[in-house]
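Shown next, in structure tokens, is the structure this report addresses.
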Amino acid sequence: MIKVLFVCLGNICRSPMAEAVFNDMLKKTGLSDQIQADSAGTGNWHIGKPPHEGTRTLLAEKKISCEGLYARQISKKDLEEFDYLIAMDAENAGNIRNLAGNQHKAVIRRLLDDVNDCHTEDVPDPYYTGNFEEVYELVAEGCRQLLTDIKKEHNL
Ligand code: 4NP
């Protein structure tokens, strides 16, 4: 199983959206038994909480389920368990790298790093901007690219 962990700050807005969108893509492309996604936050403020109302509303509009998602904090164990740690922004990526040190096998990168012609490399935080639609568009684009990359790297 190829395991992907999406990481943001609070694990209530961006990373659960990415987890839900990516798992939906896997289901629709028949890859759920080969690749699976989870999400976590670098911060601990919202542990145990469901996704933010803005994320839930957006996902409901797109007919994507986020049932059973509850915020958790990333831990060092995730570095052993996951193959890809996908940060929403540069700050999250820096925090993951600090946690990881230099003894890890996981790929650590930002969701939008490989997306061509994207106006931003960081997914803006809708907790502050309130713009969940913009986040959805960026997350969907990033997830499509990530799936393309993983399929290529693993000959799927
Ligand atoms: P997220 O958004 O990292 O996309 O889940 C945030 C949620 C909560 C906070 C910051 C960002 N907060 O400071 O509580």
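Atoms within a ligand are numbered from 1 in the order they appear, just like the ligands themselves.
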For D149, is there an ion pair with R144 - N to carboxylate O distance below 4.0 angstrom?
no

From I108, L5, V107, residue fulfilling side chain to side chain contact (heavy atoms under 4.5 Å, CB included) relative to F82:
L5

Around K62, counting heavy atoms of other residues, nucleotides and ligands shown, do more than 12 lie under 6.0 Å from its NZ?
yes

With a 3.5 Å distance limit and no angle check, can you tell me whether K3 reaches the backbone of I35 through a side-chain donor-acceptor pair?
no

Between D83 and A106, is there a donor-acceptor pair closer than 3.5 Å when you use the side chain of the first and the backbone of the second?
no

Determine, stepwise, if the pair I74 / I96 fulfils side chain to side chain contact (heavy atoms under 4.5 Å, CB included).
CA-CA 8 Å; I74 188 172; I96 300 169; 4.2 Å; yes

Can you list every pair where an N/O of ligand 1 is under 3.5 Å from an N/O on the protein?
unit_1   : atom_1 : unit_2 : atom_2 : d
ligand 1 : 2 (O)  : D125   : OD1    : 2.9
ligand 1 : 2 (O)  : D125   : OD2    : 3.3
ligand 1 : 3 (O)  : L9     : N      : 2.9
ligand 1 : 3 (O)  : G10    : N      : 2.8
ligand 1 : 3 (O)  : R14    : NH2    : 3.0
ligand 1 : 4 (O)  : R14    : N      : 3.0
ligand 1 : 4 (O)  : R14    : NE     : 2.8
ligand 1 : 5 (O)  : G10    : N      : 3.4
ligand 1 : 5 (O)  : N11    : N      : 3.2
ligand 1 : 5 (O)  : I12    : N      : 3.0
ligand 1 : 5 (O)  : C13    : N      : 2.9
ligand 1 : 13 (O) : Y128   : OH     : 3.2
ligand 1 : 14 (O) : H46    : NE2    : 2.7

